[in-house]
Amino acid sequence: MPKGLRIDETLASRRSFHFSFEGREIPAYEGESVATALLAAGITKLRCSPGDGGPRGLFCAMGVCQECVVSVAGQAVEACRLLAAPGLDVKVQP
Amino acid sequence: MSGHDDSTSYDLAVIGGGIMGSAAAIQAAEGGMQTVLIEKSELGSGASGVNAGTLSLQIKRVRLMPYAIRGHALWEHAGDRVGFRRTGGLTLAFTEPEAERLTTTMAMKKEAGAPIVMKSPAEVAALEPGLNKQVVLASYCAEDGYANSSLTGVYYRGLLAGAGVRVHERLAVDGIARSNGAFILITAAGPIRAKRILIACGGWMKDVAAMLGVDLPIRVRINTVAVTERCPPVVGSVIGHATGLLTLKQKTNGTILIGGGWQGRGTPKDGRGEVVAESLLTNLRLAQFAVPALGSSRIARVWTGFEPNVPDFYPLAGALPGVPDAFILGCVRGGYTIGPYIGRLMGDLILGREPEMPLFDPARFAPAKAQAAATH
Amino acid sequence: MSAPDAFDLAVIGGGPAGASAAIEAGRAGLRVVLLDEGRSAGGQVYRAPVSGTGASSGQPDGAVGDRLRADLAASTVDCRFDHRIWLVERGFRVHGLGPDGPATVEAPRLVIAVGAQERHRPVPGWTLPGVIGLAGATNLIKSQKILPGRRVVVAGSGPLLLLVAASILKAGGELAAVIDANGRMDWLRHAPQLMARPDLVGRGAKWLAAILRAGVPLLSRHALRRIVGDDHVEGVVAGPVTGDWDPSASGEFQIACDAVCFGYGLAPATETTRLLGVKHEYVPDMGGWRAVTLPDGSTSVAGLYVCGDGAGVLGAAAAALQGRVTGLAAARDSGHANAADAVERLLPQAARAGRFGMAMTGLALPRDGLLSAMTPETIICRCEGLRRADIDSAIAAGSQTLNGLKSATRCGMGPCGGRVCEDTAAALIAQHTGLSREAIGQSTSRPPLRPVPLGQLAGAFNYLDLPMPEPAPQ
């Protein structure tokens, strides 16, 4: 797959797989967070703010701001802390 | 509004800017008294502003029901300013012993004037499909609901200003002296003089009464409240439990507030109470059992508030034993619901009027000596 | 709840400070447990890269991080990674949520080394996807090995600006501009303190040279006025700043980009120390509110120590030294008298590293002119979607402390717990009222320290076994 924003020189040696985001197949490499794989796939809007309705995405990238939360099996999870895994079914928060 | 060099001689100084102190101050000021209110933190920052906001007649004590009904009406009148919602409330029993207890207690409360009806499991499921299907019996009161207690301070700040009460926030009373029949409140901003005082500072009442040499058997409960982040709608009514150990409601913004009087630790003197994990976890388990969908929500915040009480769990509301022109108000179980009303009654008593409902004389806890002094 | 594991010392945070404290205390003979929410030690500054072997190829920071991880692995310290701490009770009981569910440890002494968090000053559009914090950007580039965007604007203040910009260039990314609120003179003014660590100054100079060599516009004494875009960043509008960093006073210009890395320095993460009732003080040159500590890390709460950026943002070099001192102090206070000499020996070194860090932190400190970029419509509290106009009107109506503002507006009541908005809200209160930061206060820290799933906390249970106290009288 295309390198794009990824900058790891050892990328070719890392295991790759796919997970699902809103039904779309997202390629990912082992060790990447869901937020990273989505960013590499060009997906930055992860939700709408329940407060003001505006688009939100990855912001603090360290599990503090809670802006990048997505839903996995009905559970809110920070996309920046959630390891991408084969077959993971990630949804936008209801 | 707070300032220094307050040289006015007031008719009344109220210590404590919670619901009861504020409501009493407003009533006194509207009755013509020049009134000052002193709050060591901010208006509504104690139990008045951090309780779970439940307005449920089902959890009120029988003898306090008439006060609760009137307090409820005052919150309804405050409406959107305090986030009032009448949602109806369900109290759940999951076992036969719980159902028996529920039947007995709710019969007494109905007798006392709360419009309570019993609901079968099928009726409960129809009304609230998000509840655990293991309900064996429930009671329902259409009057029940909630308000947003964190708006208490903002609400009363406006009313106090409108009534012309002078308010000092972030000012502690460090001591109380008497001079020529008046009280002198010692504060960092200088002395504040008043002919009468009302002690209405919740968890800190015992210490302030002690400044006047009065020892009252006030103890403090440290109640825990938890709230989830915003969730899709799961429950519309205010939910309780037959034991009284759960209150739960989903706010219009989607957050779910969970309480029930589970105990933290700490003392008012230390400032804030501390959340105790074991106590909180049992509260959360009970909540999740009642509303299974809660399991996938995230807890956003947990806090504690100090709720004072006396051994009979009835209010302290009346003259401070042995100290002429001093009054005390607090220890009201269900103080959030009842507070606005009993505060008014207290204001009337201080104005020398006959309150429309009887108050709860603190002399019942005073040593004989103080009682004798009080009658002279 | 099963009985918690007992130790002599618990350490929260596996960055340079916490890991060093744990290693030293372990060497001195204490039974130590270290908890961190990351998947390995290193913290934000030395976070391990995701790729391949785990070795950090060539970067000086990477080598330091690898050494720290190796030392920790060789130590007696019981390391529990991927543990999110949600509550700490006095005494001390540390409650975490790990990969296998809730986990509690108990120790009579506790070191808190939770580091710093980014400080922001909002501008219109800062909530758009594609805008990320400077510290977050270093995490993406160093650890996640991804660029924040194809064409990036780096803006704000302090050393992270240069670090992020240089890292993007080194990784082969495109920089649209570097926008620094400080001028050359501001940097020079801090030169004397910076010279406490010529090695680190040298690194900064190398970053700067790389930026200039690449021909990237380096806009000193400029700041963002707004970020534009619909569902994603499409560009920024910037302008020159006044001495107070007001970017709205004169002309503006637009720069096209698809990502913005944005921040105004770091502030100590104090939620854990506030929760435990530690005394705090407001020291701008150490990043704002900090736990009051003695040089050996001890605090106003017996048995509780704080080290690293959480005790004042002084940087990684100072944090590691402070961590060593603190770990030894905890051993000394546990009765290991031989640790006392080592504490005294390390203190001067730690102080020297601290002076450099303080100069860097002072340089990053946002000035009040930035508040004029916040229009009435600008979102201040991202969680609750509160705009400046909401905050302003609540302040005008009498909410003059962070706790008061929180009750009145819900500012800081969302899932971030106020960590993103509170410093800005306090700056707005100060501007309206003239009150000091001390008078405005901090908000009361409430657990959980991070949002936690209720179901995971509750775990499996039997309803009939729930310990129910006798109900209150009816």
Side-chain angles (χ1 to χ4, degrees), chain A residues 3-15 28-69 71-84 93, chain C residues 37-39 44 47 49-53 57 84 117-118 126-133 135-141 143-150 168 170-173 229-233 258-259 269 379 381-387 410 414-417 419-420 450-451 453 455-456:
Chain A
K3 195 170 158 232
L5 295 175
R6 291 186 174 93
I7 52 181
D8 182 13
E9 301 83 358
T10 66
L11 203 58
S13 66
R14 285 162 66 191
R15 193 167 72 96
Y29 288 91
E30 190 166 25
E32 284 182 344
S33 71
V34 163
T36 297
L38 289 173
L39 173 60
I43 298 171
T44 53
K45 176 182 166 181
L46 302 180
R47 65 201 277 260
C48 288
S49 158
D52 57 74
R56 295 287 203 277
L58 181 70
F59 179 61
C60 78
M62 54 180 75
V64 172
C65 77
Q66 307 299 312
E67 289 282 43
C68 70
V69 287
S71 178
V72 176
Q75 178 70 65
V77 209
E78 298 121 341
C80 70
R81 292 191 74 239
L82 176 65
L83 267 185
Q93 274 218 298
Chain C
E37 69 175 340
R39 290 184 181 88
Q44 293 301 338
R47 190 166 292 289
V50 291
S51 55
T53 62
S57 49
R84 188 156 241 202
Q117 63 196 26
E118 196 141 17
W126 76 305
T127 53
L128 280 171
V131 179
I132 61 168
T138 65
N139 187 13
L140 287 189
I141 299 164
S143 170
Q144 287 284 306
K145 297 281 179 191
I146 187 161
L147 290 167
R150 284 169 204 287
I168 289 171
K170 184 156 192 260
D230 188 6
D231 257 8
H232 186 91
V233 173
D258 69 346
I379 289 168
C381 170
R382 297 172 69 111
C383 295
E384 296 293 319
L386 293 167
R387 298 169 193 280
R410 295 187 57 82
C416 93
R419 286 164 193 96
V420 180
R450 295 285 185 276
Q456 284 179 36

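What you see below is based on every heavy atom in this structure, not just the backbone, and it leaves out hydrogens, waters and symmetry mates. In what follows, chains carry the letters A, B, and so on, assigned in the order in which the sequence lines appear, proteins first and then strands, with residues in each chain numbered from 1.
- Counting heavy atoms from C-beta on, the side chains of Phe59(A) and Val420(C) come closer than 4.5 Å.
- For a residue to count as touching a neighbouring chain, one of its non-hydrogen atoms must lie under 4.5 Å from one of that chain's; by this rule Ile141(C) touches chain A with backbone and side chain alike.
- Of the residues Ser33(A), Cys80(A), Cys65(A), the one that meets the side chain to side chain contact (heavy atoms under 4.5 Å, CB included) test with Leu58(A) is Cys80(A).
- In terms of heavy-atom pairs under 4.5 angstrom with chain C, the leader among Gly54(A), Ala35(A), Gly63(A), Gly53(A) is Gly63(A).
- Contacts between Asp258(C) and chain A at a heavy-atom distance below 4.5 Å are absent for every atom of the residue.
- Both the backbone and the side chain of Arg81(A) come within less than 4.5 Å of a heavy atom of chain C.
- Arg39(C) meets the side chain to side chain contact (heavy atoms under 4.5 Å, CB included) test with Leu83(A), Asp82(C); sequence neighbours excluded.
- In this structure a side-chain-to-backbone donor-acceptor pair under 3.5 Å is present from Asn139(C) to Ala61(A).
- Across Thr127(C), Leu140(C), Ile146(C), Val233(C), the residue that shares the most heavy-atom pairs under 4.5 angstrom with chain A is Ile146(C).
- A distance-only check finds a donor-acceptor pair linking the side chain of Arg14(A) to the backbone of Glu30(A) [under 3.5 Å].
- Contacts between Arg382(C) and chain A at a heavy-atom distance below 4.5 Å involve backbone atoms as well as side-chain atoms.
- The shortest side-chain heavy-atom distance between Arg419(C) and Arg450(C) falls under the 4.5 Å cut-off.
- When each of Glu118(C), Arg84(C), His232(C) is checked for heavy-atom pairs under 4.5 Å with chain A, Arg84(C) comes out on top.
- Of all heavy-atom pairs between Ala28(A) and Ala84(A), the closest is CB-CB, 3.9 Å.
- The shortest heavy-atom contact between Met62(A) and Glu37(C) is O-OE2, 4.1 Å.
- Using a 4.5 Å cut-off between heavy atoms, Ser49(A) contacts chain C through its side chain alone, with no backbone atom that close.
- Options Leu46(A), Leu39(A), Val77(A) differ in how many heavy-atom pairs under 4.5 Å they form with chain C, and the most are formed by Leu39(A).
- With chain A as the partner, the residue from Gly172(C), Gly173(C), Gly417(C), Gly149(C) showing the most heavy-atom pairs under 4.5 Å is Gly149(C).
- Using a 4.5 Å heavy-atom threshold, the side chains of Asp8(A) and Arg6(A) count as separate.
- With a threshold of 4.5 angstrom between heavy atoms, Gln144(C) approaches chain A through its backbone and through its side chain.
- Proximity to chain C is limited to the backbone of Cys60(A), based on heavy atoms less than 4.5 angstrom apart.
- For Arg150(C), the parts sitting under 4.5 Å from any heavy atom of chain A are the backbone and the side chain alike.
- Closest approach of Gln93(A) and Ala76(A) over heavy atoms only: NE2-CB, 3.2 Å.
- Put simply, of Gly130(C), Pro451(C), Ala269(C), Cys383(C), the one with the most heavy-atom pairs under 4.5 Å next to chain A is Pro451(C).
- Neither the backbone nor the side chain of Arg410(C) comes within contact range of chain A; no heavy atom of the residue lies under 4.5 Å from a heavy atom of that chain.
- Proximity of Tyr29(A) to Lys145(C): side-chain heavy atoms (C-beta onward) are nowhere separated by under 4.5 Å.
- Contacts between Asp231(C) and chain A at a heavy-atom distance below 4.5 Å involve backbone atoms as well as side-chain atoms.
- Using a 4.5 Å cut-off between heavy atoms, Val131(C) contacts chain A through both its backbone and its side chain.
- Both the backbone and the side chain of Glu32(A) have a heavy atom closer than 4.5 Å to some heavy atom of chain C.
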